[in-house]
**Q** 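One structure, pasted below without further comment.
Predicted model only: the values in this text are computed from it and were never measured.
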Amino acid sequence: MGHRSLHWLVALFVLGFVATACESSASGPPVTLRPDAIVVDVPAFTVPLGESLTCITTGYVTDREYAFGRASAHQAAGGHHITVYYTEHLETSEPHPCTDEEMADWNYVAGSGAEAGTGDDQSPPDGLAFRLPAGVQIVVQAHYNNALGTTYPTDDRLEITTLDPSTLVAFAAQFAMNDGSFDIPPHVGYQRVSDCVVPGDRDVVLLLGHMHEWGSRYRLERLAPDGTVSEVLYDEMWQSVYTSYPPVRRWPI
């Protein structure tokens with residue numbers, strides 16, 4: 001196992017890769033279990049002006065291990081994404097502004113950009129899935145960018161497909177790199193180059209980038225030990241729709 005140096009241009013985020021019933025084992029909104037999916041109908045809350053992250057604890061504590069595939073979501077206007085996490089510290093709360101303290105022990109399960117429409121499938125390839133352990137509580141984060149000049153209620157919903165563990169080759173996990181430490185000056189073009197040393201080799205099956213609508217180009221390169229570019233992994237001229245649904249690059253497992 002060695003170190004692999006990556007650098008990326010202009011920014012922000014890379015991911016590497018029963019009968020129907022309502023269950024409520026903890027306080028909070030119920031989660032609907034279907035043979036092929038877990039569905040979270042998020043209780044309505046008011047979207048504040050500007051950008052916001054709202055956290056919701058569901059009423060479901062898993063009674064067994066689940067294997068997850070694709071997630072799909074619906075949000076009101078201005079919805080950027082809904083993401084699902086799990087926590088081992090069972091919580092009770094109404095929808096509220098997220099805090100770093102509460103999310104410190106949350107583990108990412110799945111998510112979906114919700115308002116932008118169709119886009120590249122971000123589910124793992126056949127044979128791989130993400131793991132949701134038994135005995136943990138499902139929690140949700142809803143991200144909104146409200147530029148409408150008024151507050152309004154939500155009708156958020158997230159559906160995550162469940163897979164048969166006997167069909168899997170392995171479980172996968174997400175690897176994220178984030179650079180949010182820069183300020184873009186007004187009314188000028190701006191370029192940001194960041195470096196990340198990956199702690200050991202990784203087998204990557206799915207890769208995507210993330211910027212918001214003012215991004216113009218996203219490029220991810222793998223560097224050789226001497227600092228020269230050995231491979232271009234991702235290079236996209238950015239479009240506003242990519243904010244929620246970026247292009248995805250795939251490799252076979």
Side-chain angles (χ1 to χ4, degrees), residues 1-17 67-71 80-81 83 85-86 100 103-113 119-133 141 143 168-185 188-253:
M1 301 290 283
H3 293 285
R4 297 293 182 267
S5 184
L6 303 173
H7 79 218
W8 67 100
L9 183 64
V10 189
L12 297 178
F13 191 65
V14 176
L15 290 179
F17 213 51
F68 277 112
R70 185 178 187 179
H80 179 270
H81 70 248
T83 45
Y85 302 79
Y86 72 82
D100 291 341
M103 295 190 64
D105 68 342
W106 286 15
N107 298 272
Y108 179 82
V109 175
S112 177
D120 282 354
D121 184 3
Q122 298 178 17
S123 59
D126 291 345
L128 293 181
F130 305 121
R131 187 197 307 268
L132 179 63
Q141 179 200 84
H143 183 187
L168 301 180
V169 175
F171 281 104
Q174 294 81 18
F175 184 90
M177 298 179 292
N178 178 68
D179 179 6
S181 60
F182 58 91
D183 294 315
I184 301 174
V188 298
Y190 181 79
Q191 174 177 296
R192 171 75 168 189
V193 178
S194 301
D195 293 314
C196 174
V197 178
V198 180
D201 292 340
R202 295 291 185 269
D203 293 321
V204 179
V205 294
L206 185 152
L207 185 146
L208 58 90
H210 178 65
M211 293 193 294
H212 287 196
E213 61 269 22
W214 296 113
S216 60
R217 185 180 186 185
Y218 189 110
R219 180 178 174 94
L220 177 70
E221 302 167 339
R222 185 164 62 88
L223 303 184
D226 63 1
T228 59
V229 176
S230 61
E231 182 181 6
V232 176
L233 298 172
Y234 193 87
D235 191 1
E236 296 289 342
M237 302 305 295
W238 213 248
Q239 302 177 32
S240 60
V241 70
Y242 294 168
T243 301
S244 292
Y245 288 94
V248 171
R249 184 176 178 190
R250 294 178 176 273
W251 292 265
I253 64 174

**Q** Who passes side-chain contact (heavy atoms from CB on, under 4.5 Å) against Ile184, sequence neighbours left out?
**A**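 By the side-chain contact (heavy atoms from CB on, under 4.5 Å) rule, Ile184 matches Phe182, Tyr190.
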
**Q** Nearest 0.5 Å, please: how far is CG in Leu223 from CD in Glu231?
**A** 11.0 Å

**Q** Is the CH2 atom of Trp251 crowded by more than 12 outside heavy atoms at less than 6.0 Å?
**A** yes

**Q** Check whether any side-chain N or O of Ser194 sits under 3.5 Å from a backbone N or O of Asp179 as a donor-acceptor pair, and report yes or no.
**A**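 Side chain of Ser194 to backbone of Asp179: no pair is present.
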
**Q** Does any part of the side chain of Val229, heavy atoms only, come nearer than 4.5 Å to the side chain of Arg222, both counted from C-beta?
**A**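 No; the side chains remain at least 4.5 Å from each other.
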
**Q** So which heavy atom on Met237 is nearest to which on Tyr242, and how close?
**A** O-CE1, 3.5 Å

**Q** Would one find more than 12 heavy atoms of other residues, nucleotides or ligands at under 6.0 Å from atom CG of Asp100?
**A** no

**Q** Tell me, do Trp238 and Glu213 make a side-chain contact under 4.5 Å, heavy atoms counted?
**A**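 Trp238 vs Glu213: side chains apart.
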
**Q** How close do Arg249 and Leu233 get, counting heavy atoms only, and between which atoms?
**A**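 What the structure gives for the nearest pair is NH1-O, 2.8 Å.
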
**Q** Supply the atom-to-atom distance Tyr86 OH to Asp105 CG, rounded to the nearest 0.5 angstrom.
**A** 10.0 Å

**Q** Between Tyr234 and Tyr218, how do the two ring planes meet: parallel, tilted or perpendicular, split at 30° and 60°?
**A** perpendicular

**Q** Are any non-hydrogen side-chain atoms of Val248 and Leu207 less than 4.5 angstrom apart?
**A**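 No, side chains not in contact.
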
**Q** Could you tell me which non-hydrogen atom of Ala224 sits nearest to which non-hydrogen atom of Ser230, and how far apart they are?
**A** N-OG, 3.9 Å

**Q** Residues in ring pair (Phe, Tyr, Trp, His ring centres under 6.0 Å) with Tyr85, at least two apart?
**A** Trp106, Tyr108

**Q** Looking at Asp126 and Leu128, would you say the former's side chain and the latter's main chain have a donor-acceptor pair under 3.5 Å?
**A** no

**Q** Check whether any side-chain heavy atom of Gln191 lies under 4.5 Å from a side-chain heavy atom of Arg217, and answer yes or no.
**A**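 No - every pair of side-chain heavy atoms lies 4.5 Å or more apart.
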
**Q** Looking at CG of Asn107 and CG of Leu132, how far apart are the two atoms once the value is rounded to the nearest 0.5 Å?
**A**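 The distance works out to 9.5 Å.
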
**Q** How close do Pro246 and Leu208 get, heavy atom to heavy atom, and via which atoms?
**A** CG-CD1, 3.9 Å

**Q** Roughly how far, to the nearest 0.5 Å, is the CE atom of Met177 from the SG atom of Cys196?
**A** 5.0 Å

**Q** Enumerate the residue pairs fulfilling salt bridge (Lys or Arg N to Asp or Glu O under 4.0 Å) with a member in residues 236-245, sequence neighbours excluded, ordered by first and then second residue.
**A** none

**Q** Roughly how far apart are Gln239 CD and Ser216 OG, rounded to 0.5 Å?
**A** 12.0 Å

**Q** Looking at every heavy atom in both Phe130 and Ala172, which two are closest together, and how far apart are they?
**A**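 Shortest heavy-atom separation between Phe130 and Ala172 comes out as CD2-O, 3.5 Å.
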
**Q** When the aromatic ring centroids of His210 and His81 are compared, is their separation below 6.0 Å?
**A** no

**Q** Taking C-beta and beyond as the side chain, do Asp235 and Leu220 meet within less than 4.5 Å on heavy atoms?
**A** no

